2 protein chains.
Amino acid sequence: MNKRVQLPPLDAFDRKILDILQQDNTTPQREIGDAINLSAPAVQRRIKRMTEAGVIQANVAVLDPAAVGQSITIFVEIEVISETAAQIEDAKREFAAAPEIQQCYYVTGEADFILVIVVPNMGDYEALTRRLFFGNSNVKRFRTFVAMDRVKVGLHVPLGA
Amino acid sequence: MNKRVQLPPLDAFDRKILDILQQDNTTPQREIGDAINLSAPAVQRRIKRMTEAGVIQANVAVLDPAAVGQSITIFVEIEVISETAAQIEDAKREFAAAPEIQQCYYVTGEADFILVIVVPNMGDYEALTRRLFFGNSNVKRFRTFVAMDRVKVGLHVPLGA
DNA sequence: TCTCCAATGAAACAAACTTGCAAATGAGAG
DNA sequence: CTCTCATTTGCAAGTTTGTTTCATTGGAGA
């Protein structure tokens, strides 16, 4: 399914294009071209190549959660009891399937999973904990952090390297 | 600066449009229209309205961090010493300004800030901790979690409500 | 120096977005 | 129950943007 085509070393042009698209992917190709001294078709071909190579994974609209009634962002640290490969895979699958879980990472350290959860209100979060954590016999402990301020939110990847 | 226009209650059409754009904002308006039984211009006007209202905050390309040399994702929980308004604002500003810090939240609970950091390697992270945490006299303690697997990553907001 | 390959730009072409306008829809007043 | 007004819609025309074609350029390697 994944048409990972090749590994084309990104040059300075590619990085500048990515930098622009990471901020606004509705920027016209001609405008990008003007900014980096390249023609629109050249920009278009590079974007296509990077998309096929998987460097660009998606093109998405970013919404204001509060504007669609999802006012609360919560972090959860989870510690599991058994860390067998099968159990971990099960947990990953379950967390990934829950729409309220916006992000899920399997981590080292004092916790095993870190989740970012988006819900309309605390009642919904409480219901979610019952379903996902108390209802999962492999969850040993979890700690909740409620976001008071989303200081910086995004998926922007630095391109300095 | 922020042209928050009005608060138009989103109807079922709007929500379906947002749902599609959250997954792929390159979807042609005519295709969206076909999917929800609306004409392309109607879709276009709704998107414009929601963008002006701030419901749609941005349109961005999502990159594969590993493909651009940023292989490591790290979570950091930070506890500060003094939580005066001024100190907190300073911290927010400093964290928001760092390009390696992809996400920053001010939270309740056993920590004060949670950061998501993206760096090329552990050496860079170590340098970052020296600069941002050890170099900041208001940081009391910080805990590091290194992501072994980015199980689910995105900014998708559930639209069930 | 020569050859070959990959990438480029200009121009033609196709697709998508945007606007103008008349018709339809729905809410509220009379 | 009907009328009116404000809003939203669809169609069609116009504009912008994206895509393809093709001849040319610029190098890397022989």
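Treat the numbers as computed from the prediction; the structure is a model and nothing was measured. Side chains included, hydrogens not; waters and symmetry mates left out as well; all remaining heavy atoms used. Here is how names work: the chains are called A, B, and so on, in the same order as the sequence lines, proteins then strands, and each is numbered from 1.
Near-neighbour residues of DNA chain C inside residues 25-33 of chain A, defined by a heavy atom below 4.0 Å, are absent. Heavy-atom distances under 4.0 Å link DNA chain C to B:P41, B:Q44, B:R45 of residues 34-46 of chain B, given in residue order.
Judged purely by atom type and a 3.5 angstrom limit, B:Q44 has no side-chain atom pairing as donor or acceptor with the backbone of B:Q29. Proximity of a side-chain donor or acceptor of A:D64 to a complementary backbone N or O of B:Q57 within less than 3.5 Å is not detected. With hydrogens and angles disregarded, a donor-acceptor distance shorter than 3.5 Å links the side chain of B:K152 to the backbone of A:A98.
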| said: Using side chain to side chain contact (heavy atoms under 4.5 Å, CB included), reason through A:V60 and B:L155 one step at a time and then give a plain yes or no. | reply: CA-CA 9 Å; A:V60 304; B:L155 294 176; over 6 Å; no

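When side chains are defined from C-beta on, A:I81 does not count as touching A:Q87, because their heavy atoms never get closer than 4.5 Å. Side-chain contact between A:P65 and A:Q102 is absent, with no heavy atoms from C-beta onward closer than 4.5 Å.
Rounded to a whole Å, the NZ atom of A:K48 is 10 Å from the P atom of D:dT21. As rounded to whole Å, 16 Å separates atom P of D:dT8 from atom CD1 of B:I47. Computed from coordinates, the A:L21 CG to D:dG18 P distance equals 10 Å when rounded to whole Å.
If you take CG on A:N25 and CG on B:N25, they are separated by 4.0 Å, rounding to the nearest 0.5 Å.
Other residues sharing the hydrophobic cluster of A:M148, ordered by chain and number and joined by side-chain separations under 4.5 Å: A:V151, B:I72, B:I74, B:V76, B:I78, B:V80, B:I88, B:F95, B:I101, B:Y106, B:F113, B:L115, B:I117, B:V119, B:M122, B:Y125, B:L128, B:L132, B:F133, B:F134, B:V139, B:F142, B:V146.
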